[in-house]
Amino acid sequence: IARMSLPLLFPQRYIDENPQKMEEFLNAYLKAPIEPRCFVWQITGVSSWSCHSRLADLRHPTLIVTGTEDVLIPPPNSRILADAIPNSRLVQIEGAGHGFQSMFPEEVAAEVLAFLEG
């Protein structure tokens, strides 16, 4: 199941070009797999609950990060969040999928640190 989910997390080109990283990702996942019931709860929460009407009430600086090739959460959704949340910052990582933090850990860390340093 973990191997079959790779295309949901990473662009196919990245999977093909990084077989060793994919094996490392799978090994890490298998050390602490998501329980099936938790996975179902996650999918249910994402598909049946919305807080969009309350996003404008957020008062803290907010960092939104997305990959331009995310197939689980389409990048335009991140633009919707950024437009709805005051004082937000949108970072789009070119060529990254949903697993952007695994694909580009240094870039993601730099963005988070820059955001926190404000």
Side-chain angles (χ1 to χ4, degrees):
I1 292 172
R3 190 173 299 282
M4 289 175 18
S5 69
L6 290 176
L8 297 174
L9 300 173
F10 306 103
Q12 189 61 50
R13 189 182 91 224
Y14 184 81
I15 294 170
D16 295 341
E17 293 174 358
N18 297 280
Q20 182 61 35
K21 286 185 180 181
M22 294 300 97
E23 290 306 314
E24 291 169 6
F25 178 85
L26 290 170
N27 288 333
Y29 175 83
L30 293 174
K31 287 180 184 175
I34 299 171
E35 292 184 35
R37 65 188 173 98
C38 295
F39 179 75
V40 170
W41 292 342
Q42 183 181 18
I43 297 302
T44 301
V46 168
S47 61
S48 65
W49 183 80
S50 174
C51 64
H52 186 268
S53 64
R54 297 173 40 208
L55 293 176
D57 297 335
L58 292 174
R59 294 294 172 238
H60 297 285
T62 304
L63 176 64
I64 302 162
V65 183
T66 188
T68 61
E69 295 186 38
D70 190 333
V71 297
L72 286 179
I73 308 294
N77 287 6
S78 296
R79 170 52 53 203
I80 292 169
L81 283 176
D83 289 344
I85 300 173
N87 200 19
S88 65
R89 179 173 168 224
L90 174 61
V91 174
Q92 297 180 329
I93 301 178
E94 188 64 38
H98 194 71
F100 60 83
Q101 64 279 21
S102 294
M103 294 175 70
F104 300 101
E106 294 84 9
E107 291 89 336
V108 172
E111 292 290 349
V112 171
L113 288 173
F115 175 77
L116 293 174
E117 292 169 353

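Heavy atoms only: backbone and side chains are in, while hydrogens, waters and symmetry mates are out. Bear in mind the structure is a predicted one, so any value in this text is a computation, not a measurement.
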**Student:** Holding to side-chain contact (heavy atoms from CB on, under 4.5 Å), I want the full list of residues that pass it with Asn18, two or more places apart in sequence or in another chain.
**Tutor:**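 Partners of Asn18 under the side-chain contact (heavy atoms from CB on, under 4.5 Å) test: Tyr14, Lys21.
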**Student:** Show me the donor-acceptor pairs, under 3.5 Å and distance only, between side chains in residues 100-114 and residues at least two apart or in other chains.
**Tutor:**
unit_1: Glu111; atom_1: OE1; unit_2: Arg89; atom_2: NH2; d: 2.6

**Student:** Would you sort out whether Leu8 and His98 count as a side-chain contact (heavy atoms from CB on, under 4.5 Å), showing the intermediate values?
**Tutor:** CA-CA 7 Å; Leu8 297 174; His98 194 71; over 6 Å; no
**Student:** Show the nearest heavy-atom pair for residues Phe25 and Leu9, with the distance to one decimal.
**Tutor:**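 Nearest heavy atoms, Phe25 then Leu9: CZ-CD1, 3.5 Å.
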**Student:** For Ser78 versus Thr66, what's the shortest heavy-atom pair and its separation?
**Tutor:**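 Closest approach of Ser78 to Thr66, heavy atoms only: OG-CB, 3.3 Å.
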**Student:** Should Met22 and Glu17 count as side-chain neighbours, where that means a heavy-atom distance under 4.5 Å?
**Tutor:**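 Contact flag for Met22/Glu17 side chains = no.
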**Student:** Other than Ile64, which residues form its hydrophobic cluster under the rule that side-chain heavy atoms must be closer than 4.5 Å?
**Tutor:**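 So far as hydrophobic clustering goes, Ile64 is joined with Leu55, Leu58, Leu81, Ile85, Leu90.
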**Student:** What residues join Val40 in its hydrophobic cluster, counting side-chain heavy atom gaps under 4.5 Å, either direct or through other members?
**Tutor:**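 Hydrophobic cluster check, Val40: no partners found.
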**Student:** Is the backbone N or O of Ser88 less than 3.5 Å from a side-chain atom of Thr62, with the two atoms forming a donor-acceptor pair by type?
**Tutor:**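 Not confirmed, Thr62 side chain does not pair with Ser88 backbone.
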**Student:** To check you understand the geometry: which heavy-atom pair defines the closest contact between Pro11 and Gly95, and what is its length?
**Tutor:**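 Minimum heavy-atom contact is CG-O, 3.5 Å.
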**Student:** What heavy-atom pair brings Ala56 and Pro86 nearest, and what distance separates the two atoms?
**Tutor:**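 Here Ala56 and Pro86 meet closest at O-CG, 3.5 Å.
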**Student:** Quick one: pull up CZ in Arg13 and CD1 in Ile15 and give me the separation to the nearest 0.5 Å.
**Tutor:**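 Spacing of CZ (Arg13) from CD1 (Ile15) equals 11.5 Å.
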**Student:** Take a 6.0 Å sphere around CZ of Arg54 and say whether it holds more than 12 heavy atoms from other residues, nucleotides or ligands.
**Tutor:**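 For Arg54, atom CZ is not crowded (no more than 12 foreign heavy atoms under 6.0 Å).
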**Student:** For the CG atom of Leu72 and the CG atom of Asn77, what is their distance to the nearest 0.5 Å?
**Tutor:**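 One finds 11.0 Å between CG of Leu72 and CG of Asn77.
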**Student:** How long is the straight-line distance from OG1 of Thr68 back to CD of Glu94, given to the nearest 0.5 Å?
**Tutor:**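 That separation rounds to 4.0 Å.
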**Student:** Mind checking who shares a hydrophobic cluster with Ile34, ILVMFWY linked at side-chain heavy-atom distances under 4.5 Å?
**Tutor:**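 Answer for Ile34: Tyr29, Leu30, Phe39, Ile43.
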**Student:** Can you list, by chain and residue number, the hydrophobic cluster partners of Trp41 when the side-chain cut-off is 4.5 Å?
**Tutor:**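 Under the 4.5 Å side-chain rule, Trp41 groups with nothing.
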